[in-house]
Visitor: 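Take this structure first; my questions come after.
The sequence lines fix the lettering, A, B, ..., with proteins before strands; numbering per chain opens at 1.
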Protein chains: 2
Amino acid sequence: MSFEEMWADLLPLGRDGTGGYHRFAWTPPELECRAWFADEARRRDLDVEHDANGNMIAWWRPADGVGGDAVLTGSHLDSVPGGGAFDGPLGVVSAFAAIDLLRKRGVRLRRPIGVAAFAEEEGARFGVACLGSRLLTGAIDPARARALTDADGRTFADVLHHAGLDPEAIGPDDGLLDRVGCFVELHVEQGRALTGPVGVAGSIVPHGRWRFGFAGEGNHAGTTGLDDRRDPMLPFAGMVLAAREAAGRNGTVATVGKVRVVPGGVNAIASSVTGWLDARGPDDASVRRTVAEVDAAARAAARPHGVAVDVAEESYTGVVEFDLALRDRLAATLGGVPVLPTGAGHDAGILSARVPTAMLFVRNPTGVSHAPAEHAEIPDCLAGVEALAAVLGDLAAG
Amino acid sequence: MSFEEMWADLLPLGRDGTGGYHRFAWTPPELECRAWFADEARRRDLDVEHDANGNMIAWWRPADGVGGDAVLTGSHLDSVPGGGAFDGPLGVVSAFAAIDLLRKRGVRLRRPIGVAAFAEEEGARFGVACLGSRLLTGAIDPARARALTDADGRTFADVLHHAGLDPEAIGPDDGLLDRVGCFVELHVEQGRALTGPVGVAGSIVPHGRWRFGFAGEGNHAGTTGLDDRRDPMLPFAGMVLAAREAAGRNGTVATVGKVRVVPGGVNAIASSVTGWLDARGPDDASVRRTVAEVDAAARAAARPHGVAVDVAEESYTGVVEFDLALRDRLAATLGGVPVLPTGAGHDAGILSARVPTAMLFVRNPTGVSHAPAEHAEIPDCLAGVEALAAVLGDLAAG
C-alpha cells in the first residue's frame with residue numbers, strides 16, 4: 001500500500017457532509033481507524049502492541065531481535081469535532097510509508113522502529129488533550145482519568161471497559177518507556193510559518209484548557225422581569241469578550257470554542273452555561289496572567305446577576321523545549337531545514353518529559369487546522385515521508 | 001381517575017435526573033403522553049379526533065348528537081428542554097377532571113366539549129412555537145412547516161410521515177374550526193402576578209423568536225494569531241450583551257437561551273455560532289425596536305472580525321386581546337377573579353384569531369416556569385378544576 005493508497009483508505013472514515021472529521025476516541029469511526037492501523041501493520045508483518053492506556057504501537061524489529069533503545073514515531077488517529085484529515089493521521093501514514101521506503105532500500109535495522117497511534121490526543125471526547133500519552137508517562141493521575149466523562153456522561157473507565165481494556169490497569173508504563181530510546185513525531189504544520197515542504201520543531205508554547213461554569217436560575221423567558229433574572233448567559237458573554245482582550249494585552253491567544261447551555265431552550269433563561277477557555281502564549285507567565293484576568297472578569301460580570309462562577313483547570317502543559325541533540329541530528333540529516341516553535345500541543349510534548357523527542361512538520365499552505373479546510377499538498381507529504389525515512393534510517397540503522 | 005391519579009401517571013414521563021421534563025413533539029416521552037391522553041379519553045367514552053396537523057381532541061358530545069358550536073378546552077403535552085411538569089399538562093388534566101365533575105353533578109350538555117392537546121406548542125423541537133395550532137388556523141405556511149428541521153436535521157415532514165401522518169395534508173382546517181364556538185385554555189401562571197388561586201387572562205403581549213447566525217472561519221485555537229481570526233463567538237457574545245441592554249432601554253424582555261456552536265471543539269475557533277433571541281414587550285413597537293437594536297449591535301460587533309451575520313425571524317405574534325364578552329362571562333361565572341396580562345405565548349393566542357378565546361390561570365407561588373422548579377399547589381390546581389368546570393358548565397350546559 002503506497003502513501004496515496006493508505007490515505008485514500010482513511011479518507012472516508014468519520015467524515016461528515018462538510019468534509020470535516022469526527023473521530024472521537026473509541027467511537028465507531030475511530031475504531032475503524034484503529035482497525036485500519038492493525039491492517040497496515042499486518043501487511044508489513046509488524047507486531048501490534050496494545051498498551052494498557054489504549055495506545056497502539058506497531059513494531060518493526062531488527063533481525064537479531066534487539067528489543068530496546070527503540071526509535072518511536074507515529075502520531076494519533078482521533079480528531080477534533082469537524083477537524084481536518086491531516087492532523088494526526090499524516091504522522092501515522094507517513095510512518096508506515098517511511099518503513100516501506102527503508103525496506104525498499106534494503107536498510108538493516110540496529111534498533112527497533114515503532115509506529116505509535118496515541119489515544120485521545122485531541123481530548124475531544126473526555127476533555128483532556130494527549131490523554132493516552134499522559135497516562136503512559138504518568139502526566140495524569142489514573143483515578144482522575146477514570147472519572148473523566150464524555151458529553152453523554154459516560155466515564156472514561158466505562159468506555160475503556162467496553163473497549164476490552166481494564167480501567168484499573170491504566171497509568172504510567174515504565175516497562176514500555178524503558179524500551180524507547182527516542183520519539184520523532186511527524187505532523188502537519190498548523191500555521192503558515194513553514195515556506196518549504198518540511199521543518200523541525202524547536203518548542204511547544206505553554207498551553208492549557210480551563211472550564212468556566214456559570215450557575216444561575218432557569219426561568220421563563222417571557223414572564224421573568226429583567227431584575228428578577230439570574231441569567232448565566234450574560235457573564236458568559238462577558239467572559240468571551242474578556243478573553244480576547246486579555247490575550248491582546250498579554251501577547252497570548254485565548255479562544256472560547258465550546259459552550260454548553262442548560263437547558264438550551266429558546267424560550268427559557270438558562271440555568272447554567274459552561275464555556276471552555278483555551279489559552280496559549282510564549283511563556284508560563286503570560287498564559288497564567290491571561291487566565292487570571294479572564295477569571296477576574298468573569299467573576300465581576302457574574303456578580304451583579306447573582307450568578308455563581310466555578311473555574312477548573314482541565315489541563316496545562318508548560319513550555320516544551322525539544323531535545324537539542326536530537327534536533328541537531330535531524331537538522332544535519334535533512335540539511336538546512338528551518339526550526340520553528342508551535343502553538344499546538346502534541347503527544348511529542350508529553351513524551352519529551354521522558355525520552356529525547358523531536359518533531360517534523362509538513363507545510364500547510366493556508367495554515368488552517370482543526371477545520372475541514374486543513375490541507376497539505378501530496379508532494380509535500382511525500383517530502384515528509386522522505387525526510388522521516390532519512391531520520392529513522394539515520395537513528396535506527398545509521 | 002382523579003386529578004391526582006392522572007397527575008401521578010403523567011409525572012414520570014420524560015423526566016430527567018434533575019426533575020426537568022424533555023417531552024419534545026413525537027419523541028418517545030411525548031408519544032407516551034399522547035398514549036396517556038388516549039387512555040384517559042377512552043376511560044370517559046370520549047371520541048378522540050386526530051386532525052391532520054398532529055393535534056388531538058377528545059370529544060364529549062350532547063346526548064342529542066349536536067356536533068357544532070363546541071366549547072373547546074385543553075392545552076398541550078410537550079415541554080421545553082428541562083421544563084416543568086405543569087406548563088401544558090395542567091390544562092389537559094384539569095379538562096378531564098372538569099368533565100368528571102360535570103358528569104358527577106349530572107350536567108346535561110347542550111354543546112359538545114372538546115379536550116385538545118395541541119402539537120409542538122413550545123417549538124422545542126422544530127423552532128416554531130404553537131406549531132400545531134398555527135397550522136390548524138393557517139397562521140403558518142404548510143410548505144414552510146414541512147421544511148422545518150430538528151436538532152438532528154430531520155424535517156417536520158419526515159417526522160410526521162413516521163408518525164403515520166401525511167405531510168401533504170397539513171394546513172388550515174376550517175371544517176374543524178367551524179365546529180368550535182369558543183376555546184378556554186387553563187394554564188399554570190408563569191409569573192407571580194396571581195395572589196389568589198385562579199385568574200383570567202386579559203391579553204398576551206407581543207412576542208417572537210429571531211435566529212442570529214454568525215459565520216466566521218474555523219481554525220486552530222493555538223496556531224492562529226488574533227489578527228488572523230474570524231471568530232464568530234465574539235460578535236455572538238456582543239449580541240447577548242446588546243440584547244439585555246436593548247431590553248432595558250425599551251421596557252421589554254430579551255433572552256438568549258439557546259446557542260449552537262460549530263464545530264464546538266475546545267481547541268478550535270468556531271466556524272459558526274447561532275444564537276436565538278426571544279423578545280417580548282408591551283407593544284409591537286417596543287419589541288420591534290429591541291430586535292432592530294440587537295440586529296444593529298450584532299452587525300457592528302461582527303464587522304471588525306470579518307464575520308457574516310444572518311438574522312431570521314422564526315415566529316412573531318402581535319398583541320392578543322382575548323375576547324371581551326367571553327372574558328366577562330368567565331368573570332361573572334367565577335365572581336371577582338383578577339384579570340392579568342401574560343408574557344407567555346399560548347395556543348389560545350393563536351386560536352383567538354379564529355374563535356372567541358379565553359384563558360384561566362392557576363397560581364404559581366414562585367413564578368418559576370420553563371424550569372424543573374415550576375410548581376403549583378394541589379389545592380390551587382383543584383380550585384382551577386372547579387373554576388374550569390364552572391366555566392364549561394356555564395358555556396356548554398347553561
Visitor: Show me the donor-acceptor pairs, under 3.5 Å and distance only, between side chains in residues 252-265 of chain B and residues at least two apart or in other chains.
Guide:
from   : atom 1 : to     : atom 2 : distance (Å)
B:T252 : OG1    : B:T290 : OG1    : 2.9
B:T255 : OG1    : A:R229 : NH1    : 2.7
B:T255 : OG1    : A:R229 : NH2    : 3.3

Visitor: For the residue pair A:T223 and B:N364, establish whether any side-chain heavy-atom pair is separated by less than 4.5 Å.
Guide: no
Visitor: B:D16 versus chain A, heavy atoms under 4.5 Å apart: side chain, backbone, both or neither?
Guide: neither
Visitor: Under 4.5 Å from any heavy atom of chain B, what part of A:E122 do you find: side chain, backbone, both or neither?
Guide: both
Visitor: Does any heavy atom of chain B fall under 4.5 Å from the side chain of A:R192, the backbone, both, or neither of them?
Guide: side chain
Visitor: Heavy-atom pairs under 4.5 Å with chain B are the metric here; pick the option from A:S369, A:A270, A:G123 that has the most.
Guide: A:S369
Visitor: Side chain from CB out, backbone as N, CA, C, O: work out which of these in B:S271 comes under 4.5 Å of a heavy atom of chain A, or both, or neither.
Guide: neither
Visitor: Can you list every ring-ring contact (aromatic ring centres under 6.0 Å, His included) pair that touches residues 217-238 of chain B, not counting sequence neighbours?
Guide: A:H370-B:H220
Visitor: One thing to verify: whether A:D231 and B:R244 come together as a salt bridge, which I'm taking to mean a side-chain N less than 4.0 angstrom from a carboxylate O.
Guide: no
Visitor: Is it the side chain or the backbone of B:E314 that comes within 4.5 Å of chain A heavy atoms, both, or neither?
Guide: neither
Visitor: Pick one of side chain, backbone, both or neither for B:V368, based on which atoms fall under 4.5 Å of a heavy atom in chain A.
Guide: both
Visitor: Side chain, backbone, both or neither: which part of B:A124 has a non-hydrogen atom closer than 4.5 Å to chain A?
Guide: neither
